[in-house]
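Quick notes on the structure that follows.
Numbers for residues simply follow the sequence, beginning at 1. Just follow the structure's listing: the first ligand is 1, and inside any ligand the first atom is 1.
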Amino acid sequence: MKEEIGYPYILLPEDMFHHTAGGYGGEGTLCGAIGSCAAIINLVAYDNNKTHSKLVADLINWYSQQTFPTKMFDSIATYKDQVQVAPGSPLCHVSASTWMQAAEVSYKDKPRKDRCAKVTAATAYRTIEILNQHLEGKYAFIGPVHTEETEECLSCHGKKAAYTEKGLNDCLDCHDDHTK
Ligand code: HEC
Ligand code: HEC
């Protein structure tokens, strides 16, 4: 984009998103790949219809459902054919930890670094697909997707009811069902 479009993209420093590694400052919050790509989506697609926010939401939902890491980059990866786990969450903590348990590696191990590099590359790839489709007017919004159980929780806690909860991840990933 710097080469083809120039301004404003030439103003973006190369290390602009370095802080997002390890879920922002190593705190395991939002996966840094999502955060960085979301910033780019905002730059490219911002408008008064909140198109940028809807695209970001779709990217987050896409991420949660992927069996990561993709094998798409195996030809250039050091560690090929790695164990795949769908994170079910956009959180670095959940995404990295569930994968590490499944793959039996620790955070400092090189296969873990390879895995997160592939997750980042796949997320950037998907972001470019989304933005290209959007700019061609062909992007079909997906919107929020929840499990039936979460739908049930949201029938009381969600936007159309008491609205005492923010976020659309699967509630039962973290909470018990107090209605049972
Ligand atoms: C029939 C409506 C209803 C449904 C369905 C429901 N909740 Fe609640 N929930 C409430 C109400 C009302 C409170 C507040 C209770 C209070 O003030 O003590 C609450 C409280 C909570 C709390 C606060 C701590 C606690 O246990 O009291 C959590 C967490 C919670 N709900 C999560 C969930 C999750 C997760 C689901 C789905 C599996 C769910 N709720 C489904 C009505 C509901
Ligand atoms: C990634 C984990 C995670 C997910 C997913 C999640 N929550 Fe929570 N939620 C928490 C944590 C952590 C707290 C704060 C500690 C606590 O009270 O359990 C919390 C707090 C709450 C509270 C306030 C509880 C209180 O005692 O004051 C409610 C209500 C709640 N969540 C409902 C939901 C609902 C409904 C969903 C699904 C749409 C959901 N949460 C999804 C982790 C999560």
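Counting atoms of ligand 2 from 1 in the listed order, those under 4.0 Å from a heavy atom of Leu154 are 38 (C). Near Asp170, the atoms of ligand 2 lying under 4.0 angstrom from a non-hydrogen atom of the residue are 5 (C). Each of the following atoms of ligand 1 lies closer than 4.0 Å to a heavy atom of Leu172: 38 (C). Each of the following atoms of ligand 1 lies closer than 4.0 Å to a heavy atom of Thr179: 4 (C), 5 (C), 6 (C), 41 (C). Residue Asn169 approaches ligand 2 through these ligand atoms, each under 4.0 Å from one of its heavy atoms: 5 (C), 37 (C), 38 (C). Close contacts of ligand 1 with Asp177, meaning ligand atoms under 4.0 Å from a residue heavy atom, involve 38 (C). Each of the atoms 1 (C) of ligand 2 lies under 4.0 Å from some heavy atom of Leu91.
Not a single heavy atom of Leu168 lies less than 4.0 angstrom from ligand 2.
If you check each of Cys174, Ala162, Ser155 against atom 1 (C) of ligand 2, the one with the closest non-hydrogen atom is Cys174. When Lys166, Glu152, Glu165 are checked for heavy-atom proximity to atom 32 (C) of ligand 2, Glu165 turns out nearest. Evaluated by nearest non-hydrogen atom to atom 9 (N) of ligand 2, the leading choice among His93, His178, His175 is His175.
For atom 29 (C) of ligand 1, the nearest protein heavy atom lies under 4.0 Å away. Distance check for atom 6 (C) of ligand 1: a protein heavy atom is found below 4.0 Å. Protein heavy atoms are found inside the 4.0 Å sphere centred on atom 38 (C) of ligand 2. In this structure, atom 12 (C) of ligand 1 is not in close contact with the protein, since no protein heavy atom lies within 4.0 Å of it. The presence of a protein heavy atom under 4.0 Å from atom 16 (C) of ligand 2 is ruled out. Contact annotation for atom 25 (C) of ligand 2: protein absent (non-hydrogen atoms, distance under 4.0 Å).
Distance NZ/Lys2 to CD1/Ile10: 8.5 Å, rounded to 0.5 Å. Annotation: the span from Leu168 atom CG to Thr150 atom OG1 amounts to 9.0 Å, rounded to 0.5 Å. To the nearest 0.5 Å, the span separating CG on Leu154 from NE2 on His146 amounts to 5.5 Å. Rounded to the nearest 0.5 Å, atoms OH (Tyr79) and CZ (Arg112) are 12.0 Å apart.
Protein heavy atom at the shortest distance from atom 36 (C) of ligand 1 is Cys153 SG, 2.8 Å. Scanning the protein heavy atoms around atom 41 (C) of ligand 2, the nearest turns out to be Cys171 CA, 3.7 Å. Ranking the protein heavy atoms by distance from atom 2 (C) of ligand 1 puts Cys156 SG, 1.8 Å first. Of the protein's heavy atoms, His157 CE1, 3.4 Å lies nearest to atom 19 (C) of ligand 1.
Although no hydrogens or angles enter the test, the distance criterion places a donor-acceptor pair under 3.5 Å between the side chain of Asp47 and the main chain of Asn49. The main-chain N or O of Ser89 is never found under 3.5 Å from a side-chain atom of Asn169 such that the two would form a donor-acceptor pair. At least one donor-acceptor pair closer than 3.5 Å links the side chain of Asp177 to the backbone N or O of Thr179. Judged purely by atom type and a 3.5 angstrom limit, Asn61 uses its side chain to pair as donor or acceptor with the backbone of Ala57.
The minimum heavy-atom distance between Thr147 and Asp170, with the atom names listed, is OG1-OD1, 3.4 Å. Pairing each heavy atom of Pro69 with each of Gln82, the nearest pair is CG-OE1, 3.6 Å.
Using the six-membered ring where Trp is involved, Tyr24 and His19 have ring planes that are perpendicular, over 60° apart on the 30 and 60° scheme.
Considering Arg115, Lys118, Lys80 as possible partners of Asp74, the one that fulfils the salt bridge (Lys or Arg N to Asp or Glu O under 4.0 Å) test is Lys118.
For the residue pair Ser95 and Tyr63, a side-chain donor N or O sits within less than 3.5 Å of a side-chain acceptor on the partner.
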